[in-house]
Amino acid sequence: MTADALLAQAVRGWLADFVDNTYLNAQEASADGYESTRWDQLRDLGWHAVTIPDHLGGGDATLAEACVVAREIGRAAYASPLLATMRATVVASGGAGYFDALVARIAAGAPATLVAPPDRTVTATPVAGGFRLAGEPVVVEWAEVATEVVLLVPAGGDWVVGVLGRDALDGRVSAVPSVDNERIARVALHGAVVREAVTVPASAARLALAGANLLRASLMVGGCADVLERTARYATERVQFGRPIGGFQAVRHHLARMVIATDAARLMVDDALERLAEPAVAEVASFTAARSYVELVLTSAQVHGAVGTTTEHVLHHHFRRAKAMRSRTGTRALRLRELHDALVVHGEASQW
Amino acid sequence: MKAEHLEFLGELRAYLDALDPDLVAATRAEHIADAMQPRVNGRRFLARLGADGWLGVSWPAEYGGQGRGPVEQWLFAEELCDRRLPNGLLTLNAIGPTLMAVGTDEQKAEFLPRIIAGELEFAIGYSEPDAGSDLAALRTRARPDGDAYVIDGQKIWTTGATVATHLWLAARTGEQADRHRGISMFILPMDAPGIEITPILTQGGEQTNTVFLDNVRVPAGARIGAENEGWRVLTTALNYERMFYHNEPRWELRQLRDWAASAGLLDDPVVAETMGELAVDVEICRLFAQRGAQMLADGQVPYAEASANKVWWSELRQRICDTGLDLIGEAGTVAGPTGPAHGHLEHGLRSSPVWRFGGGTNEIQLDIIAQRGLGMPR
Ligand SMILES: Cc1cc2nc3c(=O)[nH]c(=O)nc-3n(C[C@H](O)[C@H](O)[C@H](O)COP(=O)(O)OP(=O)(O)OC[C@H]3O[C@@H](n4cnc5c(N)ncnc54)[C@H](O)[C@@H]3O)c2cc1C
């Protein structure tokens, strides 16, 4: 077995021990949305810090390995600050060593999150001793739980990577209900000043975002895989008119479309992980994974019929997570315009 | 639409506009949360309509109705739906007319006056764990016992069972192997001894139920139609159910419009193109529904046409919510009243799968269109 397969198996095994729909429902209904004892276990296993260098206390591994962890989390529809933490880590690590102390705290177990509004609705301008932020309130995953808040926003031609101290966030964070089982808050950043910050060129910011978004894309690929497997299994078990519904051509065609959509997402994410220097590929992967995951849950709901709509079936978590994760990639049309610009206008990502 | 229909719509609107605003607001809030079962306020609202003679628009005058046609009935359902108010659902629009067609004089006398008064609410007991699309596989058994039946079995997805006064039940009186030829229809009071209800919550917030029937005893007079000929009764009711056209797509598109207006995005080119097409499809939705109503008015029964309407309507609802959230972007991850479009699109998306398979799955509707509509071989 490859190292990736072993890692996947380990993460899947860990999750399988306690995650099922009943557990997910209970966590979603709980005050915190996750169990901090499970977070401690994750930390002890090092899965929250896969990409953090050895000397900062992390696993010293590649983004691809972090994506293996994300994929398994996505499969299980498990909600926790893990994805947000990994995304924040990727961006903070792009700060050329400036944020080593923060990254080390993450490695030690501090949950983190990333403020990087997908539609660039927040901007920064230099002021004495830092950068002042301007823009509409944004939605941030696990903003209430995260002790480390990393920021990546445009500032003129450059971008700013910064750290928002809890004091800078005081009174600016209000929890709001999420469409899915993750926790979110509205964060009003207008007027806030970021003191710990560095500027990076737009190209570096784009690469950092691409890496962070590949983590989410991997999570969605995991979600697709789980939904597909469950649906295929159900189609062999559910009997109507004297035969398994998978015997009806209409259902078979649904399943086949689900296979195609899952493969498209997985192949694209794998390709992006092999071509990390080309952010356009990751951007395509992020779009594809989101599109596939939503298609998968809508079709799966149709194949499951009534059984799939109850809160007693894990599909209701995937259903909401797919749409929420897609929404977290921002306005669909803006992503398509960027892709058009990168792929069509500038010929990025092309191998021919 | 004909002038007389527009005139009717005007009258209806004037009546609805004049209703007690508190009653309307409370009913609407309840209906938006779960449109599948009128509860405290919905029952009060329907009773008000009943008292004012506005239930039974298409019921004949001899049963206390307004004696108008299917087109007016459709307009009535649409208008209430557009206002997100209950319209009497299956009780008024499917069970009532079915009883007129196949009920005995006693049954008509017992139920019809109370249905049209808005006093009764029926839950529909067709589906079972192993009988979904394949309804003729149902196993709930009704055994004759003297001049009564004793009923045992399990129904599922029996929506409204906790608020209903009666259960409209399909049960097996013949052999299992007889499939649809061994089924009879019954009306049971919901509080009959031996009925136990367990709630099921759906991701869309609609509550439905499992209904267990354990030695439930009903008089033979509770059977609707002849023994073992319930399938005909059931399909009659299902045919009336096909008259069910709702205005949710229009309402949901309006929520999206209100969001776009408040975000100052009504002239954004992407918003404009997306909503432009959705608006076109909402108009088509109206025409598919209107065609079905007109066919009924002309004494024809819409089959393929009703299926086309159902497929179009259910897919459009899902698409409006899905693409609407894509326009909204990141803020669309916020659920509930503080979210964009007050959470209606997100809620609508969670509710949308039910309509693609409920009331006959879209796969089966497509087969009907191809087979009954186009004459394709089975
Ligand atoms: C919220 C809610 C409320 C409901 N309310 C009621 C109610 O009040 N009363 C009631 O009796 N029922 C009710 N139902 C049940 C509803 O009528 C059924 O869900 C519907 O009949 C489909 O059955 P099923 O869910 O068992 O799906 P299945 O029949 O198991 O279908 C699963 C999949 O297989 C496909 N399939 C099945 N047969 C074929 C075929 N021959 N050809 C091609 N594809 C096929 C279907 O299209 C679908 O995609 C409700 C359901 C829900 C979710």
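Values reported hereafter were calculated over all heavy atoms of this structure, with side chains retained and with hydrogens, waters and symmetry mates removed. Letters go in sequence order (proteins before strands), and every chain restarts at 1.
- Residue B/H180 qualifies as enclosed at atom NE2: its count of foreign heavy atoms under 6.0 Å is above 12.
- Atom CD of B/Q176 sits in a crowded spot, with more than 12 heavy atoms from other residues, nucleotides or ligands closer than 6.0 Å.
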Task: Candidate pair A/V179 and B/V334, rule side-chain contact (heavy atoms from CB on, under 4.5 Å), full reasoning - done: CA-CA 6 Å; A/V179 163; B/V334 181; over 6 Å; no
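- Within the 4.5 angstrom heavy-atom criterion, atoms from both the backbone and the side chain of A/L298 approach chain B.
- Distance OG1/A/T331 to CG/B/L327: 8.0 Å, rounded to 0.5 Å.
- The CG atom of B/D134 lies 9.0 Å from the CZ atom of A/R238; values are rounded to the nearest 0.5 Å.
- Within 6.0 Å of the CZ atom in B/R141, the count of heavy atoms belonging to other residues, nucleotides or ligands exceeds 12.
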TODO: Before giving the answer on side-chain contact (heavy atoms from CB on, under 4.5 Å), spell out for B/E363 and A/F248 the whole-Å C-alpha distance, their side-chain angles and the decisive distance to 0.1 Å.
DONE: CA-CA 10 Å; B/E363 289 70 23; A/F248 297 116; over 6 Å; no
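- Applying the 6.0 Å contact sphere to CZ of A/R252 captures more than 12 heavy atoms from other residues, nucleotides or ligands.
- Per-residue heavy-atom pair counts under 4.5 Å with chain A were compared for B/G132, B/G343, B/G336, B/A331, and the maximum is reached by B/G132.
- Top candidate by heavy-atom pairs under 4.5 Å with chain B, chosen from A/A250, A/A301, A/G305, is A/G305.
- In this structure, the separation between OG on A/S327 and CG on B/L325 is 5.5 Å, given to the nearest 0.5 Å.
- Proximity to chain B is absent for every atom of A/H317, based on heavy atoms less than 4.5 angstrom apart.
- Both the backbone and the side chain of A/R328 come within less than 4.5 Å of a heavy atom of chain B.
- Residue A/V297 does not touch chain B at all, counting heavy-atom pairs closer than 4.5 Å.
- Distance OG1/B/T202 to CD/A/E312: 10.5 Å, rounded to 0.5 Å.
- In terms of heavy atoms, A/R337 sits closest to B/V270 at NH2-CG2, 2.6 Å.
- Of all heavy-atom pairs between A/F241 and B/S133, the closest is CZ-O, 3.5 Å.
- Contact between A/Q302 and B/T361 at its shortest, heavy atoms only, is NE2-CB, 4.3 Å.
- Closest non-hydrogen pair, B/D130 versus A/Q240, comes out as O-NE2, 2.9 Å.
- Looking at B/D367, there are no atoms closer than 4.5 Å to chain A (heavy atoms on both sides), in backbone or side chain.
- The residue among B/D322, B/T208, B/V271, B/T274 with the most heavy atom pairs within less than 4.5 Å of chain A is B/D322.
- Nearest approach of A/A324 to B/T333, heavy atoms of both residues: O-CG2, 3.4 Å.
- Between the OG1 atom in A/T309 and the CZ atom in B/R350 there is a gap of 12.0 Å [rounded to 0.5 Å].
- Of the listed residues A/A306, A/S178, A/P137, A/G330, the one with more heavy-atom pairs under 4.5 angstrom with chain B than any other is A/A306.
- Contacts between A/V138 and chain B at a heavy-atom distance below 4.5 Å involve backbone atoms as well as side-chain atoms.
- The shortest side-chain heavy-atom distance between A/T310 and B/L201 does not fall under the 4.5 Å cut-off.
- Contact between A/R326 and B/G329 at its shortest, heavy atoms only, is NH2-CA, 4.4 Å.
- For the atom pair CG (B/L345) and NZ (A/K323), the distance works out to 10.0 Å, reported to the nearest 0.5 Å.
- Within 6.0 Å of the CD atom in A/Q249, the count of heavy atoms belonging to other residues, nucleotides or ligands does not exceed 12.
- When heavy atoms are compared at a cutoff of 4.5 Å, B/E206 does not approach chain A at all.
- Under a cut-off of 6.0 angstrom, the local environment of CZ in A/R230 is crowded, with over 12 non-hydrogen atoms contributed by other residues, nucleotides or ligands.
- Contact annotation for B/A131: only backbone heavy atoms (N, CA, C, O) come within less than 4.5 Å of a heavy atom of chain A.
- Both the backbone and the side chain of B/L349 come within contact range of chain A, each with at least one heavy atom under 4.5 Å from a heavy atom of that chain.
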